Asks: 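Let me give you the structure first, and then I'll get to my questions.
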Amino acid sequence: AGFVGGHGTATAIGSVLESYGLEGALSLAYASATVGILVGVLGGMILINLGTRLGWTRLIQTVSEMPISMRTGFVPEEEQQYMGKETVSPIALDPLTWHIALVFVTAVLAYRLAGILDNFLGISVPVFCVALLTGAMLQKVMNLIKIGRYVDRHVIHRIGSMVTDFLVAFGVASISVKVVFSYALPLIIMFAFGTI
């Protein structure tokens, strides 16, 4: 699941497996997600270059025709776009603070709700999954009280992407090499199968 789903899925499934007693599951999930990303990115670059050189692509014929932003990761000044709108007055509250607060409220509600489900029903539900529901509920409530239009979806997406970047970095940093080595053979077999 981590190999295919990335670090978010790895966190969700690995933490649940650890809560049921599988020690080191989160580290294995993060290692799987990291290898999956590397295979996807590096393999994708190889396939794109190969396909372009063999004439299999329709939009571009050579790698040099690719936009500079795709080749370098930096967007030229003339192609840069705005990240979002100021939906609240900066005099009252910074618009970025408003949007980050909405993401934190969603996360806290999800964490609390997942804890309640675990305590009262005895089932461990990934906070990641619960957050999807709490985010939808929060948006519905905001729409009911007529403030839903003050949420810029683009800014929320940028915050989500930022959090994902941190999740990947912290996930990679928290991999226990000892745990990964103890499961090296099954992991290598699964990674080979996943890559193929």
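Computed from a prediction, not measured in an experiment: that's the story for all the values here.
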Asks: So, taking the atom named CG in Leu47 and the one named CG in Leu54, what distance separates them when rounded to the nearest 0.5 Å?
Replies: 10.5 Å

Asks: Just by modelled atom types, is the Lys85 backbone N or O under 3.5 Å from a matching donor or acceptor in the Asp152 side chain?
Replies: yes

Asks: Apart from Tyr111 itself, what residues make up its hydrophobic cluster, given side-chain heavy atom links below 4.5 Å?
Replies: Val127

Asks: Is the count of non-hydrogen atoms from other residues, nucleotides or ligands lying under 6.0 Å from Glu78 atom CD greater than 12?
Replies: yes

Asks: Look up atom SG in Cys129 and atom CD1 in Ile13, then write down how far apart they are to the nearest 0.5 Å.
Replies: 8.0 Å

Asks: Decide yes or no on side chain to side chain contact (heavy atoms under 4.5 Å, CB included) for His7 and Val172, but give the supporting numbers first.
Replies: CA-CA 9 Å; His7 288 81; Val172 171; 3.9 Å; yes

Asks: If every non-hydrogen atom of Met83 is compared with every non-hydrogen atom of His154, which pair is closest and at what distance?
Replies: O-CD2, 2.6 Å

Asks: Give, for atom CD of Gln139 and atom OG1 of Thr106, the distance between the pair rounded to the nearest 0.5 Å.
Replies: 9.0 Å

Asks: Determine, step by step, whether Thr87 and His99 satisfy the side chain to side chain contact (heavy atoms under 4.5 Å, CB included) criterion, reporting the C-alpha distance in whole Å, the side-chain angles of both residues, the deciding distance to 0.1 Å, and the verdict.
Replies: CA-CA 9 Å; Thr87 58; His99 287 86; 3.2 Å; yes

Asks: Starting at CG of Leu26, measure out to OG1 of Thr11 and round the result to the nearest 0.5 Å.
Replies: 6.0 Å

Asks: With the 4.5 Å side-chain cut-off for hydrophobic clustering, are Val130 and Ile123 part of the same group?
Replies: yes

Asks: Is there a chain of hydrophobic side chains (I, L, V, M, F, W, Y, each step under 4.5 Å between heavy atoms) that links Ile46 to Val39?
Replies: no

Asks: If you look only at distance, which donor and acceptor atoms sit under 3.5 Å apart when one is on a side chain in residues 188-196 and the other is two or more places apart or in another chain?
Replies:
residue: Thr195; atom: OG1; partner: Phe191; partner atom: O; Å: 2.7

Asks: Locate the shortest heavy-atom distance separating Ala10 from Gly2; write the atom from each residue and the value.
Replies: CB-CA, 4.0 Å

Asks: Got a donor-acceptor contact below 3.5 angstrom from the Asp94 side chain to the Pro90 backbone?
Replies: no

Asks: Linking Ile, Leu, Val, Met, Phe, Trp and Tyr by side-chain heavy atoms under 4.5 Å, what else ends up with Phe170?
Replies: Val88, Leu93, Leu96, Trp98, Ile100, Leu102, Val103, Phe104, Val105, Leu109, Leu138, Met142, Ile145, Ile147, Tyr150, Val151, Val155, Ile156, Ile159, Met162, Val163, Phe166

Asks: Can you name the closest pair of heavy atoms from Val125 and Ala114 and give their distance?
Replies: O-CB, 3.8 Å

Asks: Show, in sequence, the C-alpha distance, side-chain angles and deciding distance for Phe74 and Ser69, and conclude whether the side chain to side chain contact (heavy atoms under 4.5 Å, CB included) test is met.
Replies: CA-CA 5 Å; Phe74 292 102; Ser69 60; over 6 Å; no

Asks: Is atom CD of Gln81 surrounded by more than 12 heavy atoms (other residues, nucleotides or ligands) closer than 6.0 Å?
Replies: no

Asks: Hey, quick one: are Val35 and Leu187 part of the same hydrophobic cluster, counting side-chain heavy atoms closer than 4.5 Å, chains of contacts allowed?
Replies: yes

Asks: If I compare all heavy atoms of Ala12 with all of Pro126, which pair ends up nearest, and what's the gap?
Replies: CB-CB, 3.4 Å

Asks: Rounded to the nearest 0.5 Å, how far does CD of Glu23 lie from CG of Leu28?
Replies: 10.5 Å

Asks: Taking all heavy atoms of Ser124 and all of Ser19, pick out the closest pair and write down the distance.
Replies: OG-OG, 3.3 Å

Asks: Calculate, to the nearest 0.5 Å, the distance between atoms CG and CE belonging to Leu132 and Met137 respectively.
Replies: 11.0 Å

Asks: Count I, L, V, M, F, W, Y as connected when their side-chain heavy atoms are under 4.5 Å apart, and connections chain through other members. Are Val41 and Val4 then in the same cluster?
Replies: no

Asks: Should Ser176 and Tyr30 be marked as a side chain to side chain donor-acceptor pair (under 3.5 Å) after you check the CA-CA gap, both sets of side-chain angles, and the distance that decides it?
Replies: CA-CA 9 Å; Ser176 169; Tyr30 285 148; over 6 Å; no

Asks: Counting C-beta onward and ignoring hydrogens, is there a side-chain heavy-atom pair between Ile175 and Val180 closer than 4.5 Å?
Replies: yes

